[in-house]
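Notes follow the structure.
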Amino acid sequence: MPNVVTRFAPSPTGYLHVGGARTALFNWLLARNTGGRFLLRIEDTDLARSTEDATRQLLEDLSWLGLKWDNEELVYQSKRVDIYNKLIDGLLAKDLAYEAWETPAELDAMRQQAQRAKRPFIYRRRKYTEDELKKFADEGRKPVVRFVMPVKEYRFFDHGLGKENVWTGRESQDFVIRKTDGMPTYHFAVVVDDAEMGVTHILRGLEHLLNTFNHITLQEALGYDRPNYAHLSVLLNPEDSSKLSKRDRDKRIRKRAQEWMRSTKKDVAALASASTLTGERLEEWLNADTVQLDLSEQPKVMRVVGLKETDLPEIMVHDFRKNGYVPEVLNNFLALLGWSPGGDLEQMTMEQLVEKFSLDRLVSANSKFNRDKLKSFSTDWFSKASPERSLAAIKDYLAVNPSSLLNQANDAQLADLLRMNAGFHILADVEEKSRFFFIPDDQIEYDTSAIDKVLLKNDKAGVAALKAARDVLASATDWSTHGLETTVKTYCEQSGQGLGKVAQPLRLAICGGAVSPPIFDSLAFLGREKTLARIDRCLSKVA
RNA sequence: GGCCCCAUCGUCUAGUGGCCUAGGACACCGCCCUCUCACGGCGGCGACAGGGGUUCAAAUCCCCUUGGGGUCACCA
């Protein structure tokens with residue numbers, strides 16, 4: 001396959017959705033596999049929705065994934081309006097397109113009428129009388145331009161489905177190619193740009209399957225070659241098989257907020273004062289699925305109802321990054337959704353993915369996005385990654401999590417934390433298990449059920465063990481992981497106790513709970529002074 | 001609802017007419033390891049949606065049914 005050119009053409013609506021990331025990845029892989037080019041184009045013809053900030057976020061995610069595009073100059077459709085208009089004027093001159101004057105409201109009424117009559121709404125060309133045209137002009141109406149779709153059979157070969165797609169064209173209608181604001185529609189711009197950029201292969205979501213009939217017809221009218229098409233299966237939510245959507249995170253928060261109000265018997269006013277949002281705003285949000293909290297409001301509610309960032313379903317590439325996934329893992333996992341290298345091979349490097357990728361191994365059935373499997377890929381990846389790569393990963397994680405306490409750690413300490421947490425799934429797990437190191441000694445909060453179980457049970461056996469262990473540690477000469485292990489284990493043997501009887505009280509004293517990295521690593525990392533201070537504070541709490 | 005696409009364990013998938021008593025991975029369950037949580041090791045549970053054909057032979061080809069998804073914008 002010589003001279004393959006693929007492209008990714010997102011509309012800038014913020015951070016990159018994983019579905020979009022997979023589309024970008026497949027296009028990138030095909031280009032790399034064939035020695036071709038991968039181009040990036042920004043589809044910003046919807047002026048109301050496109051912002052510079054959104055474009056920046058999109059490029060940030062794409063770069064983070066490592067999907068480098070080959071065009072130095074980004075193509076922005078909004079800057080190419082003159083080109084589209086010239087071509088549209090050409091179609092108008094050839095009568096392959098025409099001006100249509102219905103307002104959105106009128107079209108809406110026509111659709112409703114069709115629906116009531118139980119027939120599909122199909123827009124076909126109609127003649128306007130002189131009077132009508134004069135009336136529209138007097139009203140100051142602006143026309144759209146519609147493309148004449150011939151009523152005939154359409155067909156194209158789909159490399160994703162591996163079959164020819166046929167459409168009778170009975171429902172084909174004259175679709176809009178220029179909006180009243182003078183911008184081309186997606187259908188027009190996409191066809192022109194793909195042709196002008198020399199795109200040979202278009203890999204896109206299955207939701208575009210029917211659009212393809214419009215696009216190939218436009219190509220014929222404009223005299224363009226037809227590119228190769230491959231439509232990719234849709235990524236679905238594992239819970240309800242709905243399409244993976246940004247709203248899923250908001251949905252999760254709303255559900256939890258409702259549970260919280262029910263179980264604590266609190267009302268909206270209580271939630272409002274605790275979260276500092278207005279009751280009005282919360283009321284509106286709680287009662288309508290269509291209303292979403294914005295990114296600054298979400299954390300306020302989450303804190304009150306006890307939701308962590310990692311409890312929310314990751315949807316945007318940025319979400320995965322913030323939770324401590326690494327691009328190699330996300331790419332690997334995404335590649336396996338709707339494609340397979342064959343056989344039992346699953347975990348692959350980017351180089352292997354590039355080498356193995358081919359269109360004839362695309363899988364046509366929709367796939368559910370299984371985060372458990374992604375997480376296990378991450379676990380495996382970190383267990384094999386070099387210390388240097390892992391260190392770079394956690395520094396990137398901390399860069400997008402500026403409020404993390406681990407930002408206080410230097411590189412050597414971060415490397416140490418990664419080592420002692422070996423076996424972790426994602427970097428957010430390292431953070432969760434290590435943040436206690438960086439909390440001031442007098443702000444450690446003790447988990448009451450852990451105190452009962454570890455210290456108070458059996459007539460305060462744990463308290464006695466902790467006191468004894470304090471003395472042993474206070475006189476320890478070697479405060480290294482290994483030295484502490486020798487000291488404490490020797491003490492345990494001499495006093496005839498299992499290590500667990502001593503380690504758990506110590507763990508509770510230094511971190512406030514029953515879970516931490518291995519105890520000797522933890523003690524060594526904390527240091528003698530802080531360790532003893534925390535033990536003393538813990539003992540005074542239970543006294 | 002019309003039109004279109006799809007269909008192997010709960011999930012991602014291998015399978016391209018005989019190598020299939022259907023393989024792997026995740027999840028789940030049990031045992032082992034163990035200073036906690038994890039990691040790890042060993043084992044287990046678990047699928048060709050249903051019905052008709054074609055063929056010596058069907059998970060694989062064809063048809064119907066059922067189920068799931070997509071799409072019906074001056075959004076992309």
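In what follows, chains carry the letters A, B, and so on, assigned in the order in which the sequence lines appear, proteins first and then strands, with residues in each chain numbered from 1.
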Say we look at [N] and [M]: how far apart would their [atom1] atoms be, to the nearest angstrom?
N	M	atom1	result
C5(B)	G24(B)	C1'	28 Å
G46(B)	C28(B)	C1'	10 Å
C29(B)	C39(B)	P	12 Å
G40(B)	C33(B)	C1'	8 Å
A59(B)	U21(B)	C1'	14 Å
A47(B)	A7(B)	C1'	12 Å
C20(B)	C6(B)	P	29 Å
C62(B)	G68(B)	P	23 Å

Over how many whole Å does the gap from [X] atom [atom1] to [N] atom [atom2] extend?
X	N	atom1	atom2	value
E106(A)	A73(B)	CD	C1'	16 Å
F157(A)	C5(B)	CZ	C1'	15 Å
D360(A)	G15(B)	CG	P	11 Å
L336(A)	A25(B)	CG	P	13 Å

Quick one: which of [options] gets closest to the side chain of [X]?
X	options	answer
H208(A)	C39(B), U36(B), A76(B)	A76(B)
K373(A)	A7(B), G69(B), A25(B)	A25(B)
S376(A)	C75(B), A27(B), C74(B)	A27(B)
Y186(A)	A76(B), C26(B), G70(B)	A76(B)
L499(A)	C6(B), C35(B), C75(B)	C35(B)
V363(A)	A14(B), U71(B), C26(B)	A14(B)

Would you please confirm or rule out a distance under 4.0 Å between OP1 or OP2 of [N] and any side-chain N or O of [X]?
X	N	answer
R361(A)	U16(B)	no
R111(A)	C74(B)	yes
S340(A)	A14(B)	yes
T45(A)	A76(B)	yes
K243(A)	U71(B)	yes
K163(A)	C6(B)	yes
R419(A)	C39(B)	no

Need one value for [X]: base, sugar-phosphate or nothing, where a base atom within 4.0 Å counts as base even if backbone is also close, heavy atoms only.
X	answer
S367(A)	sugar-phosphate
N366(A)	sugar-phosphate
E43(A)	sugar-phosphate
H187(A)	base
L506(A)	nothing
A514(A)	base
L337(A)	sugar-phosphate
P518(A)	base
I519(A)	base
R146(A)	sugar-phosphate
K118(A)	nothing
P10(A)	nothing

Next on the checklist: Can you list, in residue-number order, the parts of residues 427-435 of chain A that come under 4.0 Å of RNA chain B, counting heavy atoms only?
Outcome noted: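 Hits under 4.0 Å, by residue number: K433(A).
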
Next on the checklist: Heavy atoms within less than 4.0 Å of RNA chain B: which residues of residues 164-179 of chain A have one? Give them sorted by number.
Outcome noted: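 Close to the strand are N165(A), W167(A), E171(A), V176(A), K179(A).
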
Mind listing the side-chain donor-acceptor pairs of residues 110-120 of chain A below 3.5 Å, one per line with the distance, residues two or more places apart or on another chain?
none

Next on the checklist: Pick the closest RNA chain B nucleotide for F520(A) and for G423(A) by heavy atoms, then say which residue is nearer the 5' end.
Outcome noted: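 Nearest-nucleotide comparison on RNA chain B picks F520(A).
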
Item to check | Nearest-nucleotide comparison on RNA chain B, the residue closer to the 5′ end among L206(A) and P120(A) | outcome: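 Whichever sits nearer the 5' end wins; that is P120(A).
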
Next on the checklist: Let's test your reading of the model: under 3.5 Å, does the base of G70(B) pair with the side chain of E207(A) as donor and acceptor?
Outcome noted: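 Side chain to base: no pair present.
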
Under the 3.5 angstrom rule, does the side chain of [X] hit a backbone N or O of [Y] as a donor-acceptor pair?
X	Y	answer
R507(A)	V502(A)	no
Y128(A)	F136(A)	no
Q494(A)	Y491(A)	no

Checklist entry - Does a sphere of radius 6.0 Å around CD in E52(A) hold more than 12 heavy atoms from other residues, nucleotides or ligands, not counting ones at 6.0 Å or beyond? => result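 Open: at most 12 neighbouring heavy atoms sit under 6.0 Å from CD of E52(A).
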
Checklist entry - Between F26(A) and W339(A), does a ring-ring contact (aromatic ring centres under 6.0 Å, His included) hold up when you go through it step by step? => result CA-CA 9 Å; F26(A) 281 23; W339(A) 175 80; 7.0 Å; no

Item to check | Closest non-hydrogen atom pair, I444(A) against R534(A) | outcome: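 What the structure gives for the nearest pair is CD1-NH1, 3.4 Å.
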
So which of [options] actually passes side chain to side chain contact (heavy atoms under 4.5 Å, CB included) with [X]?
X	options	result
F369(A)	L337(A), L236(A), N237(A)	L337(A)
W167(A)	L210(A), L209(A), T212(A)	L210(A)
V472(A)	L484(A), T490(A), T487(A)	T487(A)

Next on the checklist: Between Y229(A) and F157(A) (judged by ring centroids, cut-off 6.0 Å), do the two rings come close enough to count as a pair?
Outcome noted: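 No, the ring centres sit 6.0 Å or more apart.
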
Item to check | Steps toward salt bridge (charged side-chain N to carboxylate O under 4.0 Å, His left out) verdict (E239(A), K251(A)) | outcome: CA-CA 13 Å; E239(A) 294 81 25; K251(A) 256 196 244 170; over 6 Å; no

Checklist entry - For D521(A) and T481(A), what are the C-alpha separation, side-chain angles and deciding distance, and is it a side chain to side chain donor-acceptor pair (under 3.5 Å)? => result CA-CA 5 Å; D521(A) 285 315; T481(A) 300; 3.3 Å; yes

Checklist entry - Syn or anti for C39(B), taking syn as within 90° of 0? => result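 For C39(B), whose glycosidic angle is within 90° of 0, the conformation is syn.
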
Item to check | Aromatic Y123(A) / basic R146(A) pairing, under 6.0 angstrom, 45° off normal | outcome: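 Judged by the rule (NZ or CZ under 6.0 Å from the ring centre, within 45° of its axis), R146(A) counts as positioned above Y123(A).
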
